Asks: 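Below are the structure tokens for one structure; questions will follow.
Just so you know, these numbers come straight off a predicted model, no measurement behind them. In what follows, chains are A, B, ... by sequence order, proteins preceding strands, each numbered from 1.
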There are 2 protein chains.
Amino acid sequence: MTVRHTHVAGRCDRVAPVLARIGDKWAVLVVVLLADGPVRFNELKRRIGVISQRMLTFTLRALERDGLVVRTVHASVPPKVEYALTPLGQSLLEPISHLSQWAVDHADEIEASRAAFDGEDAREVAE
Amino acid sequence: MTVRHTHVAGRCDRVAPVLARIGDKWAVLVVVLLADGPVRFNELKRRIGVISQRMLTFTLRALERDGLVVRTVHASVPPKVEYALTPLGQSLLEPISHLSQWAVDHADEIEASRAAFDGEDAREVAE
DNA sequence: CAGTATCCGCAGAGATACTG
DNA sequence: CAGTATCTCTGCGGATACTG
């Protein structure tokens with residue numbers, strides 16, 4: 001029984017939580033939007049466009065909890081809260097961009113494959 | 001209004017579906033398990049350990065549809081179905097391993113941050 | 001062995017309304 | 001402005017049973 005795992009040494013349960021966060025569509029979006037610098041809550045909401053404030057709050061809390069984002073409250077009226085990437089959060093930008101690059105590079109292949117797959121299905125049914 | 005996006009040129013809607021697939025915990029696991037070569041259905045199920053056959057089937061169908069995995073039926077009794085990575089699927093291993101590496105490298109930081117975050121919460125409540 | 005079909009529970013996410 | 005609090009509904013995913 002050969003156990004030659006190609007995957008990175010280190011238990012899967014270390015990796016899983018991170019993957020889950022990446023999979024969270026809002027989380028990644030927020031991280032990318034914060035790449036250029038701090039952004040305020042409602043500004044963030046506006047840029048994302050469709051997100052509910054509930055989900056944005058949850059997403060930011062999760063990112064803050066994981067140490068990827070810092071929340072800074074400026075004591076003023078009206079209140080001003082800015083969110084920014086921590087160094088850890090910034091370091092995540094790199095692997096994310098690798099992945100994004102892959103996605104962009106192969107988007108056409110994937111789409112074609114899907115079309116082919118769905119096409120076969122339709123033909124089977126038709127016969 | 002400066003629009004200096006750091007993220008990869010190419011619309012987000014191209015990237016989102018891929019991120020969703022990565023976020024699918026089963027999908028990534030399966031891809032990694034297929035890294036060393038073709039594996040049969042039940043063998044895959046056994047290695048994953050906890051997955052329901054329903055989810056495994058769905059996951060494999062999705063991966064097949066996206067062209068990341070090929071399904072090969074060997075006409076025999078009992079039936080034998082093998083799943084293997086396509087070249088496209090193999091190419092995904094690279095960005096995944098980058099991400100995994102990041103996860104492993106920063107797992108401790110993240111965990112510490114979580115503990116600190118949760119600790120503050122508990123203290124606030126206690127006071 | 002390798003699935004498909006069906007039922008069901010519960011967490012995730014939206015909509016809405018209210019507050020410091 | 002930046003949230004919290006509820007209420008609700010959808011759909012992911014597990015358990016189970018059946019089939020080629």
Side-chain angles (χ1 to χ4, degrees), chain A residues 16-17 19-30 33-34 37-66 69-84 117-118 120-122 124-125 127, chain B residues 16-17 19-30 33-34 37-66 69-84 117-118 120-122 124-125 127:
Chain A
L19 255 38
R21 185 133 323 294
I22 302 299
D24 179 358
K25 67 189 231 197
W26 298 131
V28 182
L29 228 182
V30 167
L33 286 175
L34 293 181
V39 184
R40 298 178 61 176
F41 185 87
N42 275 339
E43 175 62 16
L44 213 41
K45 188 167 183 302
R46 228 169 291 119
R47 289 204 201 167
I48 298 178
V50 294
I51 195 172
S52 63
Q53 73 273 44
R54 186 184 124 95
M55 275 305 102
L56 181 53
T57 303
F58 279 21
T59 302
L60 287 168
R61 283 287 174 285
L63 291 172
E64 192 192 355
R65 188 173 112 97
D66 286 1
V69 158
V70 268
R71 177 172 176 271
T72 314
V73 182
H74 301 272
S76 64
V77 179
K80 179 179 177 182
V81 180
E82 281 191 329
Y83 292 89
F117 190 90
D118 296 346
E120 283 170 28
D121 259 23
E124 277 176 30
V125 174
E127 281 165 12
Chain B
L19 256 37
R21 175 101 321 114
I22 301 300
D24 180 357
K25 66 189 229 194
W26 299 130
V28 181
L29 227 182
V30 167
L33 286 176
L34 293 181
V39 183
R40 298 180 62 176
F41 185 87
N42 274 337
E43 175 63 18
L44 214 41
K45 187 167 183 301
R46 228 168 293 121
R47 290 205 200 165
I48 297 178
V50 294
I51 194 171
S52 62
Q53 72 273 47
R54 187 184 123 97
M55 275 305 103
L56 182 53
T57 303
F58 279 19
T59 302
L60 288 168
R61 283 287 175 282
L63 290 172
E64 192 191 355
R65 189 174 109 100
D66 286 0
V69 159
V70 269
R71 176 172 176 272
T72 314
V73 182
H74 302 272
S76 62
V77 178
K80 178 179 176 181
V81 181
E82 281 191 329
Y83 293 89
F117 189 91
D118 296 347
E120 284 170 27
D121 259 24
E124 276 176 30
V125 174
E127 281 163 11

Asks: Donor-acceptor pairs are to be reported for all side-chain atoms of residues 54-65 of chain A against protein atoms at under 3.5 Å, with residues two or more places apart or in another chain.
Replies:
residue : atom : partner  : partner atom : Å
A:Thr57 : OG1  : A:Gln53  : O            : 2.7
A:Thr59 : OG1  : A:Met55  : O            : 2.7
A:Arg65 : NH1  : B:Asp118 : OD1          : 2.8
A:Arg65 : NH1  : B:Asp118 : OD2          : 2.4

Asks: To the nearest Å, how far apart are A:Lys80 NZ and D:dA2 P?
Replies: 9 Å

Asks: Can you name the residues that form a side-chain contact (heavy atoms from CB on, under 4.5 Å) with A:Val81, not counting sequence neighbours?
Replies: A:Arg71, A:Val73, A:Tyr83

Asks: Side chain of A:Asn42, heavy atoms from C-beta onward: which of D:dG3, D:dA2, C:dT4 has the nearest atom to it?
Replies: D:dA2

Asks: Test of understanding: with side-chain hydrogen bond (donor to acceptor under 3.5 Å, both in side chains), list the residues that count as partners of A:Arg40, not counting sequence neighbours.
Replies: none

Asks: Can you measure from CD (A:Glu82) to CD (A:Glu43) and round to the nearest 0.5 angstrom?
Replies: 10.5 Å

Asks: Which residues pass the side-chain contact (heavy atoms from CB on, under 4.5 Å) test with B:Pro79, sequence neighbours left out?
Replies: none

Asks: Counting only side-chain nitrogens and oxygens, does A:Arg40 get under 4.0 Å of the OP1 or OP2 atom of D:dA2?
Replies: yes

Asks: Nearest whole Å is fine: how far is D:dA2 P from A:Lys45 NZ?
Replies: 11 Å

Asks: Runs of at least three consecutive Watson-Crick or G-U pairs, both distances under 3.5 Å, are what I'm after; which ones involve DNA chain C?
Replies: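 Paired runs of 3+ in DNA chain C: C:1-20 with D:1-20.
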
Asks: Heavy atoms under 4.0 Å is the rule here; annotate nucleotides 12-20 of chain C 5' to 3' with B where the base is hit, S where only the sugar-phosphate is, and - elsewhere.
Replies: -BBBBB--B

Asks: What's the separation between atom CG in B:Leu33 and atom NZ in B:Lys45, rounded to the nearest 0.5 Å?
Replies: 14.0 Å

Asks: Using whole Å, what does the distance between atom C1' of nucleotide C:dC1 and atom CG of B:Leu60 come to?
Replies: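 Interatomic distance, CG of B:Leu60 to C1' of C:dC1: 14 Å.
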
Asks: Kindly write out the residues that satisfy side-chain contact (heavy atoms from CB on, under 4.5 Å) with B:Ala20, not counting sequence neighbours, or none if the list is empty.
Replies: none

Asks: Does D:dC1 have its OP1 or OP2 closer than 4.0 Å to a side-chain nitrogen or oxygen of A:Tyr83?
Replies: no

Asks: Atom CG of A:Leu56 to atom P of D:dA5: distance rounded to whole Å?
Replies: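 Value for this atom pair: 17 Å.
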
Asks: Tell me which pairs pass side chain to side chain donor-acceptor pair (under 3.5 Å) where either residue lies in residues 20-30 of chain A, with sequence neighbours left out.
Replies: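 Output for this query lists A:Arg21-A:Asp66.
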
